[in-house]
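What follows is a short report on a single structure.
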Amino acid sequence: MNNEQLTERLAQLKSTAQAVSQHAYAPYSQFPVGAVVLLKDGRQFSGCNVENASYGLTNCAERTAIFAAIAAGVSADQFAGVVIYTPSQPAYAPCGACRQVIAEFFAADAPVLSFSDADQRHWQVQDLLPDAFSFQPGGSLRAKLEG
Ligand code: THU
């Protein structure tokens with residue numbers, strides 16, 4: 001993929017993440033988040049946060065997107081990157097629970113990008129959760145399985 005195609009793809013991913021945030025069920029926080037996971041074959045799955053009156057049951061946008069992909073039959077070695085929209089300044093980083101779930105499926109150097117209306121930040125999975133809990137200590141489960 002050349003630079004122009006990459007820029008175009010990124011713009012489309014961001015637009016999808018922002019669009020899905022509009023489906024968020026966030027009556028308690030009023031903080032609608034959208035996330036898109038990109039697969040190695042180019043397919044995409046999106047998700048939004050879904051809150052609950054029992055607050056701790058809330059599911060974040062990132063986990064909704066990943067779980068939707070798994071439920072659709074995507075295999076664990078197919079996850080390439082994550083794009084997140086947060087309605088905030090600065091763009092917020094994913095929560096700890098989502099970092100652990102991201103570490104389960106994505107390579108240690110997979111890109112995670114978070115953007116808002118006025119900001120954009122990016123990391124690799126290993127920056128967000130160094131030494132993630134894993135039954136394969138020393139690296140993300142995904143990196144070990146691929147390695
Ligand atoms: N939220 C996400 O969807 N993703 C994150 O990484 C952090 C937080 C949601 C959960 C809750 O519905 C709202 O944002 C405020 O915490």
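In this text the structure is predicted, and so the values were computed from the model without any measurement.
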Are any of the side-chain heavy atoms of Val74 and Phe105 separated by less than 4.5 Å?
-> no

Step through the shown structure and confirm whether more than 12 heavy atoms of other residues, nucleotides or ligands are within 6.0 Å of CD on Glu4.
-> no

Just jot down the side chain to side chain contact (heavy atoms under 4.5 Å, CB included) partners of Glu8, sequence neighbours excluded, or say none.
-> none

Test side chain to side chain donor-acceptor pair (under 3.5 Å) applied to Ser54 - qualifying residues, sequence neighbours left out | none

For residues 56-69, which side-chain N or O atoms pair as donor and acceptor with protein atoms under 3.5 Å away, sequence neighbours left out?
residue : atom : partner : partner atom : Å
Thr58   : OG1  : Tyr55   : O            : 2.9
Asn59   : ND2  : Thr64   : OG1          : 3.0
Thr64   : OG1  : Cys48   : O            : 2.9
Thr64   : OG1  : Cys60   : O            : 2.9

Sort and list the pairs that fulfil ring pair (Phe, Tyr, Trp, His ring centres under 6.0 Å) and have at least one residue in residues 3-23, not counting sequence neighbours.
-> none

Determine the minimum heavy-atom distance between Ser21 and Gln18, stating which atoms define it.
-> OG-O, 2.6 Å

Less than 3.5 Å apart, which donor and acceptor atoms pair up between the side chains of residues 118-125 and the rest of the protein, not counting sequence neighbours?
residue : atom : partner : partner atom : Å
Asp119  : OD2  : Ala91   : N            : 2.8
Gln120  : OE1  : Lys14   : NZ           : 2.5
Arg121  : NH1  : Ala91   : O            : 2.8
Gln124  : OE1  : Gln126  : NE2          : 2.6

Mind checking who shares a hydrophobic cluster with Met1, ILVMFWY linked at side-chain heavy-atom distances under 4.5 Å?
-> Leu6

Val20 and Gly47 have their tightest heavy-atom pair at CG1-O, 3.4 Å

With sequence neighbours left out, write down each residue that passes side chain to side chain donor-acceptor pair (under 3.5 Å) with Arg43, or none if nothing qualifies.
-> Asp41

Please name all residues satisfying side chain to side chain donor-acceptor pair (under 3.5 Å) with Asn3, sequence neighbours left out, ordered by chain then number.
-> none

Provide the closest heavy-atom pair for Pro27 versus Tyr25 in the form atom of the first, atom of the second, distance.
-> CD-C, 3.4 Å

For Leu113, the other hydrophobic cluster members (4.5 Å side-chain criterion, sorted by chain and number) are Leu10, Leu13, Val36, Leu38, Val83, Tyr85, Phe115

Are Val37 and Ile70 joined in one hydrophobic group, where the rule is that I, L, V, M, F, W and Y side chains link up if heavy atoms are under 4.5 Å apart?
-> yes

Is there a path of hydrophobic side-chain contacts, each under 4.5 Å between heavy atoms of I, L, V, M, F, W or Y residues, that connects Val50 with Tyr28?
-> yes

Which pairs would a plain distance check flag for residues 95-103, meaning a side-chain donor or acceptor within less than 3.5 Å of a matching protein atom at least two apart in sequence or in another chain?
residue : atom : partner : partner atom : Å
Arg99   : NE   : Pro94   : O            : 2.6
Arg99   : NH1  : Leu128  : O            : 3.0
Arg99   : NH2  : Pro94   : O            : 3.0
Gln100  : OE1  : Phe133  : N            : 3.4
Gln100  : NE2  : Phe133  : O            : 2.9

Apply ring pair (Phe, Tyr, Trp, His ring centres under 6.0 Å) to Tyr92 and list each qualifying residue two or more places apart in sequence or on a separate chain.
-> Phe31

Backbone of Asn2 reached by a side-chain donor or acceptor of Gln5 within 3.5 Å | yes

All side chain to side chain donor-acceptor pair (under 3.5 Å) counterparts of Thr86, not counting sequence neighbours = Ser88

Keeping the roles fixed (side chain from Thr16, backbone from Gln12), state whether a donor-acceptor pair exists under 3.5 Å.
-> yes

